[in-house]
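These notes concern the structure reproduced below.
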Protein chains: 2
Amino acid sequence: MSATTLAEVARKAGVSPATASRVLNGSARIPGPEIAANVRRAALELGYVPNAQAQGLAKSSSGVIGLIVHDIADPYFAAIAHGVQEAARERNKLVMLATTGGTPAEEATAVSAFAAHRADAIILAGSRTTAAADREANSTLANELDLYCRNDGQVAVIGRPVEGTGSPEHHHVIAVPNEDLACQLAGALAATHRGPFLIVAGPEGLATSDDRVRGFHHGLHAAGVPAAEVLHTGLDRAGGHATGAELAPRVAAAHREGAPVCLFAVSDVMAIGLVAGLREGGVQVPRDAAVAGFDDIETLRDFHPGLTTVRLPLLHIGRIAVESTVALPGGAAGAEPTVTGELMLRRSTTAAGQG
Amino acid sequence: MSATTLAEVARKAGVSPATASRVLNGSARIPGPEIAANVRRAALELGYVPNAQAQGLAKSSSGVIGLIVHDIADPYFAAIAHGVQEAARERNKLVMLATTGGTPAEEATAVSAFAAHRADAIILAGSRTTAAADREANSTLANELDLYCRNDGQVAVIGRPVEGTGSPEHHHVIAVPNEDLACQLAGALAATHRGPFLIVAGPEGLATSDDRVRGFHHGLHAAGVPAAEVLHTGLDRAGGHATGAELAPRVAAAHREGAPVCLFAVSDVMAIGLVAGLREGGVQVPRDAAVAGFDDIETLRDFHPGLTTVRLPLLHIGRIAVESTVALPGGAAGAEPTVTGELMLRRSTTAAGQG
DNA sequence: ACTGATTGGGAAAGCGCATTCCCGTTGTGT
DNA sequence: ACACAACGGGAATGCGCTTTCCCAATCAGT
């Protein structure tokens with residue numbers, strides 16, 4: 001059996017389709033109460049479900065927000081998605097999800113798909129990449145976004161703008177002060193930690209990772225601490241874990257020699273993997289080495305020892321991404337789009353007899 | 001500037017809209033190569049983006065899969081969403097996400113919204129509830145689902161079927177052997193643990209929680225162990241944490257008296273909160289008490305001490321939910337829809353001098 | 001070379017709904 | 001009592017696309 005249409009409802013209620021349309025959705029003109037009741041009853045009896053596609057086609061607005069993330073299973077993105085979802089619901093919008101694995105090429109196809117669905121807005125979460133290999137894909141992405149904007153689409157990018165896009169009035173950048181916060185973190189750690197610093201970073205060219213590395217370097221430099229060595233690996237638990245296992249002997253040696261290492265992983269999930277890898281290599285945190293992360297992922301806050309990190313208001317970031325891009329039903333625009341973080345100094349960087 | 005339409009592309013290419021349509025999407029009839037090239041070039045030059053809504057309206061298929069979860073920030077649902085997303089992409093479908101906080105009423109509105117968008121399938125993840133207070137909302141949900149099915153929608157439910165729905169040929173239940181696995185877990189724990197058992201459950205009436213509690217009871221009973229006390233709390237980290245804090249003195253006392261408690265939290269996130277709460281109350285796991293969880297959430301596998309739990313193939317569950325519900329482009333149906341779990345016995349239930 | 005089958009393209013009819021116009025009816029002002 | 005405004009409802013058009021149906025042109029077959 002096929003879906004019942006507005007026309008059928010109208011016929012059953014003995015009115016015109018126009019009238020039925022007016023009563024069944026908040027139109028400016030509200031038909032008389034008796035007629036309205038009739039229509040509503042007919043709709044109910046027939047099990048009428050409005051066809052959002054037809055509505056969207058007629059109104060040229062789909063009521064959909066597109067969200068693009070690297071990996072929804074990553075708690076970082078899950079938290080952002082949560083915020084997006086909340087704000088979307090307040091606006092009576094649905095959210096469409098695309099996961100891309102972080103490649104600009106996949107992001108471009110996701111944008112294209114969302115554009116095809118005439119999404120009211122597209123939110124692009126996840127680090128931009130500046131790697132040379134992605135240059136072409138990045139420009140494809142920029143083109144796709146421009147195309148979308150030409151059709152009156154709004155896009156919000158979390159972190160950093162996409163290189164090479166035009167129409168800035170359609171682009172909203174939710175800037176995340178990664179560099180500044182990493183700098184602060186480095187300063188705080190340098191104040192208490194005696195010994196060399198090591199940075200466990202994501203792949204080279206990942207903007208978020210690069211920003212945090214750069215900030216950490218600055219912070220160290222400002223504190224008069226020798227520059228940290230940087231190790232590049234995967235921006236996930238596995239990358240951290242592998243690096244931890246690899247580094248364990250060296251870290252253990254450093255500790256024996258009285259110059260324990262402080263490791264900064266550019267994300268919490270990496271830090272967690274790192275700690276696990278070190279532990280499997282016989283290194284205890286914070287006894288033998290200090291470890292810090294970034295993001296303050298909620299699920300990881302109960303980790304033991306408590307992980308020193310930087311809290312990012314992920315949920316809020318998701319919210320303001322949609323706030324900056326689609327107005328509330330009431331009409332008011334959203335809150336101010338500033339994102340700030342907060343240092344969370346916990347046990348993982350507090351060795352006994354230190355601090 | 002408004003979007004360019006197929007008609008404009010057709011005019012520019014000097015062909016009819018019909019022909020343009022045929023070349024720009026895989027139609028059965030493929031126009032001549034020269035004409036096709038013309039059309040493609042025109043589309044490119046004009047920056048044509050097909051209107052998926054119009055396509056959906058004309059074809060009556062939207063290419064969208066609706067996913068309903070309690071909370072996307074919960075790693076349990078995030079993992080399922082990941083699997084859904086993967087399988088959806090293989091089928092060239094987009095996924096629409098709705099988070100409901102677990103209330104059947106919200107689930108019903110989500111189903112309604114997805115039905116309005118003519119989603120090709122709806123996947124309902126997250127525990128059903130049998131609480132009396134939800135009776136009415138549950139039947140609303142069932143109605144909404146039936147309405148959706150009447151319009152040829154396919155629905156997959158993860159865990160347990162929704163009570164009161166008809167048209168079983170449209171409903172696919174991805175059964176999760178919660179009860180059986182909890183039973184096995186209880187048996188394994190009873191074999192090594194000496195001391196009373198305590199179950200930290202979710203709200204009463206939550207099917208998943210209830211199933212796991214029941215299974216655990218059975219397992220204990222089969223092992224000849226006295227029945228466990230059940231404590232109901234929130235099915236999240238906060239619930240586990242509060243219960244842990246509350247229980248700490250009692251657990252500590254039990255340990256002092258030589259009869260350490262084994263706590264079974266019905267989900268990993270609860271277990272993590274529980275451990276944290278206990279620790280804040282001075283109870284060390286596994287030294288003073290044993291703790292087990294359920295799900296084997298990936299992000300939590302690096303937890304220390306390793307959490308004894310039951311591994312559920314969450315990603316796979318997400319995959320088969322879509323496989324059972326929308327065919328592959330190739331045409332073949334999906335894999336067999338059986339879900340199995342695996343006991344993961346780790347340190348959290350292995351006190352020194354035991355096991 | 002003539003008929004019948006096949007191919008390649010166009011015309012047009014929807015898909016389900018919103019909305020602009022239009023018209024008949026009732027209410028207000030002097 | 002009459003003109004005019006305001007209101008409440010219907011007819012019709014269009015949103016952008018797919019797809020059937022139809023027609024002209026080409027092809028093979030005896």
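Please read all numbers here as calculations on a predicted model, not as lab measurements.
- The main-chain N or O of B:A321 is found under 3.5 Å from a side-chain atom of B:S324 such that the two form a donor-acceptor pair.
- Within 4.0 Å (heavy atoms only), A:P17 reaches no atom of the nucleic acid at all.
- The side chain of B:T19 contributes an N or O atom lying less than 4.0 Å from OP1 or OP2 of C:dG10.
- Not one side-chain nitrogen or oxygen of A:S60 sits closer than 4.0 Å to the OP1 or OP2 atom of D:dC15.
- Checking C:dG9, D:dC15, C:dA12 against every side-chain atom of A:A58, the shortest atom distance belongs to D:dC15.
- Among the nucleotides D:dC17, C:dG16, C:dA11, the one closest to any side-chain atom of B:S16 is C:dA11.
- Atom P of nucleotide C:dC17 and atom CG of A:L57 are separated by 12 Å, given to the nearest angstrom.
- Rounded to a whole Å, the CG atom of B:L24 is 11 Å from the C1' atom of D:dC17.
- If you take CD of A:E8 and C1' of C:dC17, they are 13 Å apart, rounded to a whole angstrom.
- A distance-only check finds a donor-acceptor pair linking the side chain of A:Y148 to the backbone of A:A121 [under 3.5 Å].
- The nearest whole Å value for the distance from the NE2 atom in B:H117 to the C1' atom in C:dC17 is 14 Å.
- Summarising the geometry, the separation between CG on A:L46 and C1' on C:dG16 is reported as 15 Å, rounded to the nearest angstrom.
- Nearer to the 5' terminus of DNA chain C, by closest-nucleotide assignment, is the contact made by A:T5 (compared with the other of A:T5 and A:R22).
- At whole-Å resolution of the value, NZ in B:K59 and C1' in C:dG14 are 16 Å apart.
- Contact annotation: A:Q55 side-chain N/O to C:dA18 OP1/OP2 distance is under 4.0 Å.
- Regarding A:Q53, its CD atom lies at a distance of 23 Å from the P atom of D:dG14, rounded to whole Å.
- Heavy atoms of other residues, nucleotides or ligands lying less than 6.0 angstrom from CD of A:E8 number more than 12.
- Within 4.0 Å of A:L6, counting heavy atoms only, lie sugar-phosphate atoms of the nucleic acid but no base atom.
- A:N38 places its CG atom 16 Å from the P atom of D:dG8, with the value rounded to the nearest Å.
- For the pair B:A7 and A:G14, nearest-nucleotide mapping onto DNA chain D gives the more 5' position to A:G14.
- Around the CD atom of B:E136, the shell of radius 6.0 Å holds no more than 12 heavy atoms that belong to other residues, nucleotides or ligands.
- One side chain, B:R41 or B:N38, offers a donor N or O that lies under 3.5 Å from an acceptor on the other.
- Dashed line: the shortest gap from a side-chain N or O of B:S21 to OP1 or OP2 of D:dC17 is not under 4.0 Å.
- Residues B:A54 and A:N25 both approach DNA chain C. Their nearest nucleotides, taken by heavy-atom distance, put B:A54 toward the 5′ side.
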